[in-house]
Amino acid sequence: AIGGSATEGDGVPDRLQDAWPYLVFRRAFPRSTVFVNGALDGATVAHALANQVPLAADLKPAVVEVWLGADDLQARTPIPEFAVSFRDLVDTLHADGADRVLVADLPAAFGAAATPYSAAIRSVVAQTHAELVSLAGVAVHLAPTDGLAPQPDAASHRAVAAAFAAQIAAHR
């Protein structure tokens, strides 16, 4: 998994039990699957490209789950810069051997300012062989967290995990 604070599991009491990537791992993959969550707090797409994608290149995963954009929204990354970096990220994951790259957009809970970031994400998915995990209609609630922007609560992590698991199951 590649992402920022929510993908790392901020906002839930027990990351290993309640964060969406771990829920997807337990629900959608065989027990023999090796799972690595490379997410880091505050990771923008540029940060993930520099610090998380090299880990994926070393590990050669068959499936990569990506949920980025919220930290770019908070950092106010210019949309053109965000889109170019996001395209580079997806292209690099594919070039490094990922069979499937599942990419989530931003849910409505992030507000109207998230709309252009989600549009850029969907555009990159359309231009590449990535798979969209649409969170636009997923009920996500952002709760206050210590020292960070509001993060998805435990129920939201379950909803995000269900969306990723459904996409994985739909194209096996």
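Here OG1 of Thr44 is found 15.0 Å from CZ of Arg76. Values are rounded to the nearest 0.5 Å. Of the inter-residue distances, the one linking Asp96 atom CG with Leu55 atom CG reads 11.0 Å to the nearest 0.5 angstrom. From Asp91, atom CG reaches atom CG of Leu93 across 9.0 Å, with rounding to the nearest 0.5 Å. In this structure, CZ on Arg15 lies 9.0 Å from NE2 on His157, to the nearest 0.5 angstrom. Annotation: the span from Asp71 atom CG to Thr7 atom OG1 amounts to 8.5 Å, rounded to 0.5 Å.
The shortest side-chain heavy-atom distance between Val90 and His129 does not fall under the 4.5 Å cut-off.
Ser118 places no side-chain N or O within 3.5 Å of a backbone atom of Asp105 that could act as its donor or acceptor partner. Judged purely by atom type and a 3.5 angstrom limit, Glu8 uses its side chain to pair as donor or acceptor with the backbone of Asp41. Side-chain atoms of Thr33 never come within 3.5 Å of backbone atoms of Phe29 as a donor-acceptor pair (strictly under, hydrogens ignored). Judged purely by atom type and a 3.5 angstrom limit, Thr115 uses its side chain to pair as donor or acceptor with the backbone of Ala112. Without hydrogens or angle criteria, Glu65 side chain to Val103 main chain gives no donor-acceptor distance under 3.5 Å. A donor-acceptor pair under 3.5 Å is formed between the side chain of Thr145 and the backbone N or O of Ala149. Trp67 contributes no side-chain N or O that, together with a main-chain N or O of Gly4, makes up a donor-acceptor pair within less than 3.5 Å. Arg26 contributes a side-chain N or O that, together with a main-chain N or O of Gln17, makes up a donor-acceptor pair within less than 3.5 Å. In this structure, the side chain of Asn37 does not engage the main chain of Ile2 through any donor-acceptor pair within 3.5 Å.
Take Gln127 and apply the side chain to side chain donor-acceptor pair (under 3.5 Å) test, not counting sequence neighbours, and it matches Arg87, Ser123. Partners of Phe164 under the ring-ring contact (aromatic ring centres under 6.0 Å, His included) rule, at least two apart in sequence or in another chain, are Trp20. Scanning for side chain to side chain donor-acceptor pair (under 3.5 Å) contacts around Asn51 gives His47, with sequence neighbours left out. Scanning for ring-ring contact (aromatic ring centres under 6.0 Å, His included) contacts around Tyr22 gives Phe35, with sequence neighbours left out. For the side chain to side chain donor-acceptor pair (under 3.5 Å) test, no residue two or more places apart in sequence or in another chain qualifies with Asp18. For Arg158, there are no side chain to side chain donor-acceptor pair (under 3.5 Å) partners, not counting sequence neighbours.
Ala109 approaches Val140 most closely through the heavy-atom pair CB-O, 3.1 Å. When all heavy atoms of Leu135 and Ala104 are compared, the closest pair comes out as CD1-CB, 3.7 Å. In this structure, Pro61 and Ala56 approach most closely via the heavy-atom pair CD-O, 3.1 Å. Across Val101 and Ala98, no two heavy atoms sit closer than the pair CG2-CB, 4.0 Å. Smallest separation of non-hydrogen atoms from Gln167 and Leu132: OE1-O, 3.4 Å. Across all non-hydrogen atoms, the minimal contact from Ala43 to Gln52 is CB-NE2, 3.4 Å.
Side chains of Ser156 and Asp153: a donor-acceptor N/O pair is present below 3.5 angstrom, by distance only. Between Thr77 and Asp72, the side chains place a donor N or O and an acceptor N or O closer than 3.5 Å (distance only, hydrogens not considered).
Hydrophobic clustering (side-chain heavy atoms under 4.5 Å, transitive across Ile, Leu, Val, Met, Phe, Trp, Tyr) groups Leu102 together with Val53. Linking Ile, Leu, Val, Met, Phe, Trp and Tyr whenever their side-chain heavy atoms come within less than 4.5 Å leaves Val12 and Leu142 in two separate clusters. In the hydrophobic cluster analysis, where Ile, Leu, Val, Met, Phe, Trp and Tyr join through side-chain heavy atoms closer than 4.5 angstrom, Phe25 is grouped apart from Leu40. In the hydrophobic clustering of ILVMFWY residues, with side-chain heavy atoms under 4.5 Å counting as a link, Leu106 and Ile79 come out together. Linking Ile, Leu, Val, Met, Phe, Trp and Tyr whenever their side-chain heavy atoms come within less than 4.5 Å leaves Leu49 and Val36 in two separate clusters.
Residue His94 qualifies as enclosed at atom NE2: its count of foreign heavy atoms under 6.0 Å is above 12.
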Query - Step-by-step side-chain contact (heavy atoms from CB on, under 4.5 Å) determination, Leu68 to Leu89 - result: CA-CA 11 Å; Leu68 289 160; Leu89 182 137; 3.8 Å; yes
